[in-house]
Amino acid sequence: MTRNEELFLRAQKTIPGGVNSPVRAFRSVGGAPRFFTHGEGCRVWDADGKPYIDYVGSWGPLILGHDDADTVRAVQEAAAKGLSFGAPTEGEVELAELLVQRVPSMDMVRLVSSGTEATMSAIRLARGFTGRDAIIKFEGCYHGHGDSLLVKAGSGLLTFGNPSSAGVPADLAQHTLVLDYNDAQGLRDAFVKHVKAIACVIVEPVAGNMNLIAPKPEFLAAMREMCTRHGAVLIFDEVMTGFRVGPGSAQGLYGIKPDLSTFGKVIGGGMPLGAFGGRRDIMEQIAPLGPVYQAGTLSGNPLSVAAGLVTLKKIAAPGFHEALAAKTRALVEGLAAAAKRHGVSFSAQSVGGMFGIYFAPTPPTSYAEVMACDKEAFNRFFHAMLDAGFYLAPSAFEAGFVSAAHTDADIAATIAAADAIFAAG
Ligand code: KE4
């Protein structure tokens, strides 16, 4: 038995599924998850001492790679002054100022400790601001595990949703309308049917939780138009796309101005940090200024703030995002070319520093098309790459991430490994 397998068996005795977040359990791809001991640059090592080139990067935060020296030093220095105060600190003000400067749609921002907290708070804020209860989300999009967001599409078209998780009250789920991603007409129809009843639309402006799905231009534009026309709040969930798809996040890339935005992952540089922010007239409804309650013991934690400030400053370097996007593009083009050489039904695409790979002839543009991809072929590919020392997301329904620490040689080695796997059939 390997050390990984030993640890997994032991973990399952005291931690549900042996993991502290379900996707880590490898249930979608099979086999035992790898327990990591340390990371360096774009590599991680498992409990058996095996190195992997890492394309998960803690699900997006590690845009600078593992153990970025400046980030680690900033956290160490902050820790030496105190781990937490439960009181305001200058660092939080500096980070808030930097966020509203980098995200022009945000006049104000509130720091929290996770993406879930950010989206849960933004939903409550939109409901409080509009006085409406109904929200719209899209099938395949994940916005964290807030009750109102663990909802799947209702039985009839444009009907309200049903819980997608046990423990979510049906009479809460009924306030969530689940529509098809990239279906602009369906969105328009929903607003016509539920006129003036919608508090907000929340969307991943580039979907990354059903694998990567790029938005159609008319989809985001319709969202902006309908929310404006009907007084609904448009929430861009940029927890994954924020500072990942470009220096202006997805809203900068696509030129759509949301009313609220949520962030996480990259802004914490690997430490627990989330944020929600947007229009001043909406944000001023948040306690202690307004009637919408929201709070957190470790919100704005000084170690997370220190890591976030260093990360956000480093990725603002001239050419950072262009280089990251070029490297990610080289990866997906190389993988697609290798698959084509060997007649494998495969496609891939990237947006900035995130990418999707699909065992299907062309990249999917909808949830239904994602579900038609060959999941078993992905799972076989995943394990073959894992054995070869390349760590992809352990699910066919997740995006992958490249970091500044991945070199051209790492990308070339990844493509060569995939080529050998495609050649072997
Ligand atoms: P967290 O609560 O996990 O920090 O963020 C929730 C969240 C919100 N919005 C988007 C667009 C997200 O992608 C996420 C979390 N993403 C997953 C990856 N698919 C985190 C990995 C996990 O759940 O363990």
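Only a predicted model underlies this, so the values are computations on that prediction, with no experimental measurement involved. Both ligands and their constituent atoms are indexed starting at 1 by order of listing.
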Number the atoms of ligand 1 from 1 as they appear, then name those within less than 4.0 Å of a heavy atom of Val23, with their elements. 22 (C), 24 (O)
Of all the atoms in ligand 1, which lie at a distance below 4.0 Å from a heavy atom belonging to Asn209? 10 (C), 11 (C), 12 (C), 13 (O), 16 (N), 17 (C), 18 (C), 19 (N)
Where on Thr116 is there a heavy atom closer than 4.0 Å to ligand 1, on the side chain, on the backbone, on both, or on neither? both
Angle class for the Phe243/Phe263 ring planes (parallel below 30°, perpendicular above 60°, tilted otherwise)? tilted
Where ligand 1 meets Ser21 - atom numbers and elements under 4.0 angstrom, heavy-atom basis: 22 (C), 23 (O), 24 (O)
Are side-chain N/O atoms of Ser121 and Glu117 paired as donor and acceptor at under 3.5 Å? no
Is it true that Arg224 and Asp259 make a salt bridge, defined as a side-chain N closer than 4.0 Å to a carboxylate O? yes
So is Thr119 polar-close to ligand 1, meaning N/O to N/O under 3.5 Å? no
So does Asp410 pair up with Arg43, basic N to acidic O under 4.0 Å? yes
Which class fits the ring pair Trp45 and His38: parallel under 30°, tilted 30 to 60°, perpendicular over 60°? parallel
Compare Pro22, Pro272, Ser58, Gly115 and give the one whose heavy atom is closest to atom 4 (O) of ligand 1. Gly115
Check Arg10 with Glu6, please: is the shortest side-chain N to carboxylate O separation under 4.0 Å? no
Could you name the option among Glu238, Lys265, Met240 that has the heavy atom nearest to atom 20 (C) of ligand 1? Lys265
Closest heavy-atom approach to atom 14 (C) of ligand 1 among Trp59, Phe263, Tyr142 is made by Tyr142
Would one find an N or O of Glu204, backbone or side chain, under 3.5 Å from an N or O of ligand 1? no
Would you say Glu398 and ligand 1 have an N/O pair spaced under 3.5 Å apart? yes
So is His143 polar-close to ligand 1, meaning N/O to N/O under 3.5 Å? no
Between Asp48 and Arg3, is the closest basic N to carboxylate O distance under 4.0 Å? no
Do Tyr391 and Arg34 pair up side chain to side chain, a donor and an acceptor below 3.5 Å, judged on atom types alone? no
